[in-house]
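Structure first, commentary second.
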Amino acid sequence: MLISDHHRFVFIHVPKTGGDSIDKMLRAHVPDVRKQKMTRHAPYGDILALEPDIADYWSFAMVRNPWARMVSWWSMIDKWNHAWGPASGKPQIKRGGMKDGNKMWRRVAEFADFEEFILRGTDEIPRLAMPQIDYLLAPGRRVDFIGRTESLAADVAHALQEIGLPEAPLPHRNKSLSTGHWRDHYTPVTRDRIARIYAPDCEEWGYTYD
């Protein structure tokens with residue numbers, strides 16, 4: 001999440017929707033951009049609860065096909081796990097920064113594979129089972145503009161226009177999707193689990209597995 005008081009906007013960072021690239025671009029072009037003292041993936045409702053006075057700031061966020069999003073999430077954590085986490089065989093000591101991972105990453109590192117990530121992870125880790133729409137609602141209101149990772153460049157350009165900034169290139173950060181199509185990772189069981197958990201997102205934005 002990022003806030004600019006000068007440009008009067010709030011960016012809500014839904015995990016694994018291109019938010020790291022947007023974050024870096026905004027920091028480079030908006031001198032007064034700031035965070036709140038909470039997780040960078042704070043839902044809109046929590047942001048406004050902490051700062052009610054910014055409720056009239058223009059807000060935006062991105063969402064993503066849930067099945068593609070979960071593959072990207074797994075791939076990112078699995079990449080870290082094999083480079084620095086328990087699967088790397090390296091001593092698990094404090095190195096600083098992303099090399100240490102975080103509590104959720106280390107929990108996911110215990111799962112044997114993608115199927116376990118989906119079936120156990122969505123049962124045991126609430127964040128993995130949180131529909132994207134839940135990040136974007138606050139009492140009596142919702143985020144003003146919801147773009148899509150599938151049309152990231154065009155939707156970010158629209159957001160920049162709305163907040164009075166010139167169009168700027170997006171850096172590509174956290175590229176973690178494994179080779180092949182995201183559908184290659186799914187079985188009927190894991191496909192249906194995501195359909196059930198993320199049904200609110202599919203209904204809201206028309207996302208499908210096919």
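Side-chain atoms of Met98 and Trp80, non-hydrogen and from C-beta on, never get closer than 4.5 Å to each other. Contact annotation: the side chain of Glu204 never approaches that of Pro131 to less than 4.5 Å [non-hydrogen atoms, C-beta and beyond]. Side-chain contact between Thr17 and Ile22 is absent, with no heavy-atom pair separated by less than 4.5 Å. At least one side-chain heavy atom of Met70 sits less than 4.5 Å from a side-chain heavy atom of Phe117. Using a 4.5 Å heavy-atom threshold, the side chains of Trp73 and Met104 count as touching. Looking only at side-chain heavy atoms (C-beta outward), Phe111 and Ile125 come within less than 4.5 Å of each other. Side-chain contact between Arg69 and Pro15 is present, with at least one heavy-atom pair separated by less than 4.5 Å. Counting only heavy atoms from C-beta outward, the side chains of Val156 and Met25 approach each other to under 4.5 Å.
Within the 3.5 Å criterion, the main-chain N or O of His181 finds a donor-acceptor partner in the side chain of Asp184. The backbone N or O of Trp84 sits less than 3.5 Å from a side-chain atom of Gln92, completing a donor-acceptor pair. No side-chain donor-acceptor contact under 3.5 Å links Asn81 to the backbone of Ile77. In this structure, the side chain of Trp58 does not engage the main chain of Val10 through any donor-acceptor pair within 3.5 Å. A donor-acceptor pair is defined here as one N or O able to donate and one able to accept, closer than 3.5 Å; such a pair exists between the side chain of His41 and the backbone of His13. Between the side chain of Asn65 and the main chain of Thr208, a donor-acceptor pair closer than 3.5 Å is present. Of the possible polar contacts, one joining the Ser75 side chain to the Val71 backbone as a donor-acceptor pair under 3.5 Å is found. Between the side chain of Arg106 and the backbone N or O of Gly101 there is no donor-acceptor pair closer than 3.5 Å.
Across every non-hydrogen atom of Ser72 and Lys16, the tightest pair is OG-CE, 3.0 Å. Closest heavy-atom contact between Arg142 and Leu137: CB-CD2, 3.5 Å. In plain terms, the two heavy atoms of Ser88 and His82 that are nearest each other are CB-O, 3.3 Å. Pairing each heavy atom of Ala138 with each of Gly45, the nearest pair is CB-CA, 3.7 Å. Nearest heavy atom pair, residue Ser59 against residue Val143, reads OG-CA, 3.4 Å. When every heavy atom of Thr39 is checked against every heavy atom of Met1, the shortest pair comes out as O-CE, 3.7 Å.
Within the model, atoms CG of Asp155 and CZ of Arg148 stand 8.5 Å from one another, a figure rounded to the nearest 0.5 Å. We find the OH-CZ distance between Tyr198 and Arg193 to be 11.5 Å, quoted to the nearest 0.5 Å. One distance of note links CG of Leu2 with CZ of Arg40; it measures 10.0 Å at 0.5 Å rounding. The structure places OG of Ser4 at 9.0 Å from CG of Leu26, a figure rounded to the nearest 0.5 Å. Interatomic distance, Ile12 CD1 to Leu136 CG, rounded to the nearest 0.5 Å: 7.0 Å. Between atom CG of residue Leu165 and atom NE2 of residue His29 there is a gap of 8.5 Å, rounded to the nearest 0.5 Å.
Counted by atom type alone, Asp5 and Tyr57 present one or more donor-acceptor pairs between their side chains at under 3.5 Å. Side-chain contact of Gln132 with Tyr207: a donor-acceptor pair under 3.5 Å is absent, judged by distance alone.
Under the 4.5 Å side-chain heavy-atom criterion for ILVMFWY residues, no single connected hydrophobic cluster contains both Ile3 and Val30. Grouping the Ile, Leu, Val, Met, Phe, Trp and Tyr side chains by contacts below 4.5 angstrom, directly or via other members, places Ile163 with Leu170. Taken together through direct or relayed side-chain contacts under 4.5 Å among Ile, Leu, Val, Met, Phe, Trp and Tyr, Met76 and Leu128 form part of one hydrophobic cluster. Hydrophobic clustering, with ILVMFWY side chains joined whenever heavy atoms are under 4.5 angstrom apart, keeps Met62 apart from Tyr135. Both Ile197 and Val108 belong to a single network of hydrophobic side chains, linked directly or stepwise wherever heavy atoms of I, L, V, M, F, W or Y lie under 4.5 Å apart.
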| said: Evaluate Lys90 against Arg95 for side chain to side chain contact (heavy atoms under 4.5 Å, CB included), listing each step before the verdict. | reply: CA-CA 11 Å; Lys90 297 173 182 175; Arg95 297 180 174 88; 3.5 Å; yes
Tell me, with the steps shown, if Asp23 and Arg27 meet salt bridge (Lys or Arg N to Asp or Glu O under 4.0 Å).
CA-CA 6 Å; Asp23 184 291; Arg27 289 177 184 278; 2.6 Å; yes
ask   = Checking side chain to side chain contact (heavy atoms under 4.5 Å, CB included) for the pair Ile133/Trp205: CA distance, chi angles, key distance, verdict?
value = CA-CA 10 Å; Ile133 189 66; Trp205 297 296; 3.7 Å; yes
Practice prompt. Please assess Tyr209 against Arg183 for the test side chain to side chain contact (heavy atoms under 4.5 Å, CB included), listing each intermediate value before the final yes or no.
Written response: CA-CA 8 Å; Tyr209 181 80; Arg183 291 191 192 91; 3.6 Å; yes
Working note: Asp56 + Arg8, criterion salt bridge (Lys or Arg N to Asp or Glu O under 4.0 Å); need CA distance, chi angles, decisive distance, verdict.
CA-CA 8 Å; Asp56 61 344; Arg8 298 177 62 82; 2.7 Å; yes
message = Before you tell me yes or no, could you show the steps for Val33 and Phe11 under side chain to side chain contact (heavy atoms under 4.5 Å, CB included), namely the whole-Å CA-CA distance, both residues' side-chain angles and the distance that decides it to 0.1 Å?
response = CA-CA 10 Å; Val33 78; Phe11 168 60; over 6 Å; no
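Glu162 CD: more than 12 foreign heavy atoms inside a 6.0 Å radius. For His6, the NE2 atom is loosely surrounded, since the number of other residues' heavy atoms within 6.0 Å does not exceed 12.
Arg196 has no carboxylate O lying under 4.0 Å from a charged side-chain N of Asp192, or vice versa, which leaves the two without a salt bridge.
Ring geometry, Phe114 versus Tyr186: the interplanar angle exceeds 60°, so the pair is classed perpendicular (tilted spans 30 to 60°). In this structure, Trp67 and Trp182 have parallel ring planes: the angle between them is below the 30° cut-off, well short of the 60° mark.
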